[in-house]
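Below you'll find the structure, written out as structure tokens, and then a few comments.
Just so it is clear: chains get the letters A, B, ... in the order the sequence lines come, proteins before strands, and each one is counted from 1. This is a predicted model, so every value here is computed, not measured.
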Amino acid sequence: MSSDDSVELDTLSDEGALWRLVTALTGTATPFEVAEVFTKDGPASVGGTFANMAILTRESNLVQVVHRPAFNPTVVTQRGTFDLNAETPACEAIRSGLPVLLASPAEIAARFPALLTEIEQAGLRSRASLPLRSATGESLGAVGFGWPDPQVFTAQRLRRLDLVAQLIGLALERATGHQFDPGQADRLPRVLETMPNAFFSLDADLTITYINAEGERLLRTSREDVLGSHFLDAFPEAAGSEFEHQYLRAIESGRSVVFEEYYAPLGGWFEVHAWPDRDGLNVYLSDVSERRNSEHQQAVALDEVRHAHARLTFLADIASRLHGAASRAELYDRLSEAVTAMVADWTTITVPAGEELVRVAASHRDPVLDGLAKRLVGGYPHAFDGPSPGVVVYLSGKPLRLAELAGHIVTDLDDSIASAAYGRTLQLLGDGPGLIMPIFSKGDVVAVLTMARTKGESFSDDDVEVLTQVTESVSELLEEALHLETQRETASALQAAALPRTLPSSDRLALAAGYRAASEGTQVGGDWYDAFELQSGRIALVVGDAAGHGLHAAALMTQMRNALRAHLFDSFGPSESIAKLSSFIATQEPEAFATIICVEIDPITGEGIWASAGHPAPILLRRNGASQHLRGKPAPPIGSADPQSPDRPMEHPFILNAGDRLVMFTDGLFERRGVDLEIGLTHLMITTEETRTIDDPEAACESILRGMLTGTHEDDVCLLIADLRWVP
Amino acid sequence: MTLEDAVAVDEPDDDIGLNPVHSTAEPFEICVQVTPGRCEMVLSGELDVFTAPLLRHRMAEMSDELGTELVLDIGAVTFIDSTGLSLLVSQHKKLKAHGAELVVRSPTRMALRLFAISGLDSVLTIRTAGDDA
């Protein structure tokens, strides 16, 4: 389609219609008969709905136009007689000797405004008129065509219009007696000889009665050899072929046939139109090998594209299922699930450990059998010196296909009870074709992927190729997962190192602390607590929360914890120490963000002060009286201050009486997605109240953590408790 | 601001490494309107460790058009975690360093409480819905 509102003439042009036109023209003897045939069969030959014919009377320069009126298309009627100078498409075509092409109503309106209404009333939106000429170039008239849609007149379409005009011109020339040669009057040979397409005629007995020049060329024969011969004598290879079958069918049924068939002796594909008339069968042939070949190539190419697309989709799907695995164990789990969901019925993954392969993941398509498959994880190892096909793949590094995976494995099992149980499990998972593939990392086989199909479909070369790509991508992901594991271990180690190994203890002040890593996700957070005795004998208590996760947050946390320790130890007090830390961080780690609360308590008197940078105030649980959040305004968090003028947090005094409990915490303890902040804080208050009867601060700490952290929590949590005791 | 004025609506996607764990949460959306010298971003959903990178990314993209005032409407933000707070603070500092201002508009009761608990109410420029009239 070269334009949205144009009609593809070529797809509408009916080759059969062209040849019906040719055949019908053979019987015409007068100009009127030619017009009768043309107005009937002409439109379809160019994919149109309308045709008229203008006949020029040279002596009078009058143009007689005949057509089939829309109200009665069965009869050819004289439309009128025009002066050659009249403003009509036909007259202009005759005058100019050139085609008049009107592709749309707009073009009709521009060139023949007087005719627009009439043309549109006839249901036409485009028109074309072409001059008719005799073989000697003498002007005979014009043919007109009409379409119900706008047209794009490409060169190819123009050739078709011109061909029809030539045919009509020849027929008209013959009918009017111009240049008429009675010697060739028989079956329109003159017209047929000029045709650029192969044509031959058979009589009812399939004897060849006519073949045109193009037919001789295309079929690599000569008329001397084939005229008068039986079709099958002339073309013996056609015996029993689709050609013979279709020709006979057309003759017997009296209906035209259209088909495409390969003719081996000529090594080409032919499009064939055959239509019977009273004398036998007319056959029009064109060589469509080029199209067929390109179609074939297109089909092959399309198939490859589809195939490649399916493969890419598969790989993308697998990649998305594997992406984001935080550890090798998780990656193996995901791989096993993905492969089972997409290419196998059940899957296991083993990794080398010591001198054997140990199963680390297993999945089955069936949810019930999946539970059974999962029981294989961790059990039934394959010794490297044993016959297991997984070991063979591990040692060779090459994929292995087995016709019956479970059967193959079971055959080689020893007769121990464990092996028997393993064998039974495999049989229950289902036997069938298996594929075992190595997974490499840095050149070594680090895992073996075993896949089974229980419905008999073997793993094809293509499957192996695609799954090889999968295992290659797994190799990269493994390295990434290992990197994450290492990072997490390092961060965990940093986190652990940042927390004090022991808490200071005295008869008067009993401390307890708890840390819980986030249960969701895998990143280590930046929460910490600290407690130590100052030179003054006071106890410093710190709880902090550095924003972010992972190694960076852990490192930042360590840095802040140490800096704060130094300032507090130098007796700067909570407020000044936080201010010093704040300006240090503002210059050293401008992207850092953290909240901190600092408390100092005199264990003898119970007098304390606290200061906070963006951190929630502690809860004070009074032995006599309700618990309360200590009141006081926090300074903004570390990292939000202007480095030039860091905020100095207010110091708030408080008194711990004997039996009172001070509870410090990070926001992970009470903040929940979808839970109102106030509700979270109230929940914490109630949970703290409930520890009133618990004397041991360790036990109280556990109780609060247990009470608050039900289900999963995505942030890490720190809790620090200080109890002031009676001293006897 | 009306949604008809919006010039861009972003939804979180995976290409900047979002963790799919929280796929059940309502989508985080940023609706941007730019007028000369002023930019408004209307946020909805949860502003947290997973979505804060989206906002940071969007702000970095828009940095030439932020003007002298960037208004962040957080009236439809249902949750803010410490990473979200940290982003608000870092953008506040960044804009201030360039002589511009970050205005946090229409905070919910929850957000106001969070700003109070964290002391950020004295740092951020907070404008409640009524202040605009």
* Could you tell me which portion of A/Pro649 (side chain, backbone, both or neither) has an atom closer than 4.5 angstrom to a non-hydrogen atom of chain B? =>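 Contact with chain B involves no heavy atom of A/Pro649 at all.
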* Return the option, out of A/His629, A/Glu678, A/Glu671, with the maximum number of heavy-atom pairs under 4.5 Å with chain B. =>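 The answer is A/Glu678.
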* Winner by heavy-atom pair count (cut-off under 4.5 Å) against chain B, out of A/Pro634, A/Pro636, A/Ala617, A/Ala547 ->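 The answer is A/Pro636.
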* Asked: Do you know which two heavy atoms are closest between A/Leu621 and A/Thr688, and how far apart they sit?
  ->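 Taking A/Leu621 first and A/Thr688 second, the nearest heavy atoms are CD2-O, 3.5 Å.
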* With a cut-off of 6.0 Å (strictly less than), are more than 12 heavy atoms of other residues, nucleotides or ligands near CE of B/Met110? ->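 Yes, CE of B/Met110 has more than 12 neighbouring heavy atoms, counting only those of other groups under 6.0 Å.
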* Asked: Which residues satisfy the side chain to side chain contact (heavy atoms under 4.5 Å, CB included) test with A/Ala325, sequence neighbours excluded?
  ->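 With sequence neighbours excluded, A/Ala325 shows a side chain to side chain contact (heavy atoms under 4.5 Å, CB included) to A/Glu330, A/Leu331, A/Arg334, given in chain and number order.
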* Asked: What part of B/Ile80 is in contact with chain A, defined as an atom under 4.5 angstrom from a non-hydrogen atom: side chain, backbone, both or neither?
  ->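 Only the backbone of B/Ile80 comes within 4.5 Å of chain A.
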* Go through the atoms of B/Leu85 and report whether side chain, backbone, both or neither lie under 4.5 Å from a heavy atom of chain A. =>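 For B/Leu85, the contact with chain A is made by backbone and side chain together.
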* Partner chain A: residue of B/Leu88, B/Asp81, B/Leu114, B/Thr83 with the largest heavy-atom pair count (under 4.5 Å) ->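 Among the listed options, the one with the most contacts to chain A is B/Leu114.
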* Considering only NZ, NE, NH1 and NH2 on the basic side and carboxylate oxygens on the acidic side, decide whether B/Lys96 and B/Glu101 come within less than 4.0 Å. =>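 Judged by the 4.0 Å cut-off on N to carboxylate O distance, B/Lys96 and B/Glu101 do not form a salt bridge.
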Name each donor-acceptor pair under 3.5 Å that joins a side chain in residues 662-670 of chain A to protein atoms two or more places apart or in another chain, with its distance.
residue  : atom : partner  : partner atom : Å
A/Thr666 : OG1  : A/Asp527 : OD2          : 2.7
A/Thr666 : OG1  : A/Cys718 : N            : 2.9

